[in-house]
Amino acid sequence: MTITAPPCPTGPLRGLRWLIKELDARADTVDAATAQRLLADANLTEQDVAPYVERRLDAYARRCVVHRESYELLVLTWGPGQGSAAHDHAGSLCGLKVVQGSLTEQLYAPGPDGQVRPTTATRFAAGQIIIDPGAVVHALTNTGTPGQLLVTVHLYSPPLPAIRRYAIASSPAAPLFLREASPKARVIAILGGGFTGTMTLANLLRLGRDAPAPLHFVMIDRQPAVGEGVAYRTGDARHLLNVPAGKMSAWPDRPDDFLAFARACDPSVGPGDFLPRRLFGQYVRKTLLDLAGAPDGRVSVELIRDEATSLAPASSAPGWSVTTAAGRELHADLAVVTLGHRPPNDELAHRFKGPRNRFVADPWSTLVLSQIGPDEPVLLLGSGLTAVDAILTLDRADRTAPLTVVSRRGLVPLPHTREPPATDDVSRLVAQWLDPSMPLTVRRLVRTLREAVASAAARGVDWRPVVDGLRPSIAKLWRRLDPAERARFLRHVRPFWEVHRHRMAPEVADRIGRLRDSKVLEVAAGTLLSSVADADGVDVTLRCRGGSATRSLRVAWVVNCTGPGVHDRRSTHPILRPLLEAGTLSADALGLGLCTDDKGRALTSGGETHPDLLVAGTLRKSTLWESTAVPELREQARVAAELALETVLGNRRAQGD
Ligand SMILES: Cc1cc2nc3c(=O)[nH]c(=O)nc-3n(C[C@H](O)[C@H](O)[C@H](O)COP(=O)(O)OP(=O)(O)OC[C@H]3O[C@@H](n4cnc5c(N)ncnc54)[C@H](O)[C@@H]3O)c2cc1C
């Protein structure tokens with residue numbers, strides 16, 4: 001619902017401060033009527049908001065005025081023509097008032113294919129108000145006269161958990177999204193619609209088209225834009241794929257598929273190019289929608305845009321019962337869990353005092369870093385690819401304040417080479433490691449791998465093909481390590497393995513190098529001892545690596561870049577916790593993911609197999625270790641779809657349907 005109100009003549013003292021005082025006087029979240037009244041009564045002038053107005057050339061600017069538990073207030077500055085993507089506020093109330101300039105709000109209607117289509121557009125002038133109680137999908141644009149700035153004050157209550165961006169459709173939804181499921185349909189539910197979930201659905205559509213029975217596929221994701229997941233949701237064009245385009249096909253049997261898609265956008269793209277991650281998200285979505293648009297037999301598909309809150313064995317029939325936050329309950333004959341990455345663990349929980357509004361717990365949350373100004377010093381915890389993303393977002397031509405990265409060893413991902421490196425044959429090395437007559441230890445692995453790298457260097461071969469050559473055998477090697485050796489690997493070798501294995505695109509490495517050279521960026525080895533926050537910043541104490549020396553610094557923000565959170569009974573996806581506690585599922589002792597058999601069927605704590613509960617994606621790191629990147633996950637999506645169809649159609653035959 002969008003409500004507009006005429007400008008309200010008010011006294012000169014009813015400015016930003018008055019608004020904050022009024023909001024602070026309310027203990028609870030603000031409702032639509034109160035937001036409307038307060039914003040109408042507030043006399044927000046250009047002078048009032050001037051300290052928060054910031055003109056950016058690359059995107060509109062967001063500056064936080066106050067952030068409380070029940071609400072936050074921001075000032076947004078939009079340059080001429082600048083606008084937002086189609087988005088909603090994930091259930092938070094949004095009230096905005098135009099202070100200066102002219103704004104156009106484009107509304108969208110969500111469709112059954114996960115995309116939105118434009119409906120009405122309205123122009124707003126200074127003094128006018130928009131209220132969204134939490135359900136609107138809209139995009140805002142500065143449509144003032146050439147050169148004119150647009151300045152808006154935004155109230156979110158509760159504070160925005162994240163903005164959810166939508167994909168805009170260019171054609172009507174395919175019939176299979178509109179069709180009612182046949183009462184006799186076998187139902188396959190996919191929990192999580194990132195790359196793995198979306199490609200599982202795409203494989204189901206490809207393989208299930210000629211199935212002898214009606215099929216209904218349901219995919220549930222709290223994020224509206226299918227196919228993006230955590231990795232490809234970024235709107236920042238500087239966030240590049242860390243795998244070259246030629247190796248990023250979503251299909252195991254069509255290696256050039258992504259390259260062809262990218263070349264349709266830009267014919268000059270080569271297989272060795274590292275492209276923006278958001279382009280890959282568009283590709284995955286198009287892959288699904290193209291398949292959905294083909295003639296489709298007796299298949300129906302439902303995309304549910306909601307949080308899946310419970311998964312439990314169905315009580316009245318075989319299969320699984322799934323519930324969502326909005327109260328939807330559905331029965332699935334088979335479920336595929338593709339919930340992927342957890343947000344980073346809260347590293348500061350025990351070492352942080354004071355208000356937490358200057359601590360960014362999840363840097364993957366859309367737009368969360370855009371509120372950090374170029375004059376604000378930032379401490380980033382962790383120095384892996386998540387930190388690299390955050391640095392790129394915080395890096396601006398007008399940045400004057402330093403970015404300090406701290407991690408235990410201060411290791412930063414190594415770069416890819418510009419030319420694809422020659423391959424190296426590591427089969428003899430792998431055969432030695434897999435030889436059942438010799439125990440495999442981490443010490444032996446590291447020693448012989450170092451020797452192999454040295455011998456490759458002597459032949460003029462880089463270390464990268466040696467590391468990459470191991471990739472197809474990693475799951476077998478991981479299985480050969482006993483639990484104590486796996487723990488040793490995580491403790492001592494993992495950081496070194498990660499920086500060699502998950503590398504940066506060369507362009508990204510160049511940028512990081514330049515930032516380090518210019519002293520804007522510092523990477524320190526050490527640990528965080530304490531952090532004490534006040535309203536304006538955080539006092540941090542670090543212990544430097546290799547001694548007892550400490551270092552203190554004052555920063556405006558601390559950003560948690562420690563990467564995906566672990567999976568154990570306490571801290572896995574909330575929906576999996578009760579299943580782990582009941583022993584219906586089991587997680588590995590190292591917190592890497594769920595225990596499964598070779599094909600991805602989930603195991604109980606007693607080691608029994610669930611034939612109708614499959615796991616694919618990063619949650620399989622526990623059994624495969626190498627279960628992170630597209631080249632592995634596309635194969636898992638194919639296998640999960642094949643197995644799912646075989647299981648539900650086999651059950652149907654067994655039940656004589
Ligand atoms: C920042 C980053 C960059 C990366 N870059 C690359 C790259 O360049 N190349 C590469 O090959 N790999 C890359 N990866 C690896 C990445 O793991 C895979 O490529 C892939 O995106 C993983 O997809 P997924 O579907 O398994 O998991 P995710 O992307 O995590 O998707 C899981 C989905 O489940 C949803 N979800 C979770 N819980 C619930 C719930 N309870 N209810 C509803 N929905 C839920 C989430 O909203 C999410 O959309 C990157 C990873 C990250 C984190």
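Order of listing sets the numbers, starting from 1, for every ligand and every atom in it.
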D113 versus Q115, side-chain donor and acceptor atoms under 3.5 Å: yes
Which residues share a salt bridge (charged side-chain N to carboxylate O under 4.0 Å, His left out) with R408, sequence neighbours left out: none
Which pairs of donor and acceptor atoms, one on a side chain in residues 470-477, lie under 3.5 Å apart (sequence neighbours left out)?
residue : atom : partner : partner atom : Å
R471    : NE   : E632    : OE2          : 2.8
R471    : NH2  : E632    : OE1          : 2.9

Between ligand 1 and the protein, which N/O pairs fall short of 3.5 Å?
residue  : atom   : partner : partner atom : Å
ligand 1 : 8 (O)  : N242    : N            : 2.7
ligand 1 : 8 (O)  : N242    : OD1          : 3.0
ligand 1 : 9 (N)  : N242    : OD1          : 3.2
ligand 1 : 11 (O) : V630    : N            : 2.9
ligand 1 : 12 (N) : Y232    : OH           : 3.3
ligand 1 : 17 (O) : H341    : NE2          : 2.7
ligand 1 : 17 (O) : T628    : O            : 2.8
ligand 1 : 19 (O) : Y232    : OH           : 2.6
ligand 1 : 25 (O) : F195    : N            : 3.1
ligand 1 : 25 (O) : T196    : N            : 2.9
ligand 1 : 25 (O) : T196    : OG1          : 3.4
ligand 1 : 26 (O) : T196    : OG1          : 2.6
ligand 1 : 29 (O) : V230    : N            : 3.1
ligand 1 : 30 (O) : H341    : N            : 2.9
ligand 1 : 38 (N) : R222    : NH2          : 3.1
ligand 1 : 41 (N) : E307    : OE2          : 3.3
ligand 1 : 41 (N) : A308    : O            : 3.1
ligand 1 : 42 (N) : A308    : N            : 2.8
ligand 1 : 44 (N) : R222    : N            : 3.2
ligand 1 : 47 (O) : D221    : OD1          : 2.7
ligand 1 : 49 (O) : D221    : OD1          : 3.3
ligand 1 : 49 (O) : D221    : OD2          : 2.6

Would R634 and D257 count as a salt bridge (Lys or Arg N to Asp or Glu O under 4.0 Å) here? Give the steps. CA-CA 12 Å; R634 65 188 171 208; D257 200 52; over 6 Å; no
Set of side chain to side chain donor-acceptor pair (under 3.5 Å) partners for Q282, sequence neighbours left out: none
Any chance the side chains of D306 and T324 put a donor and an acceptor closer than 3.5 Å? yes
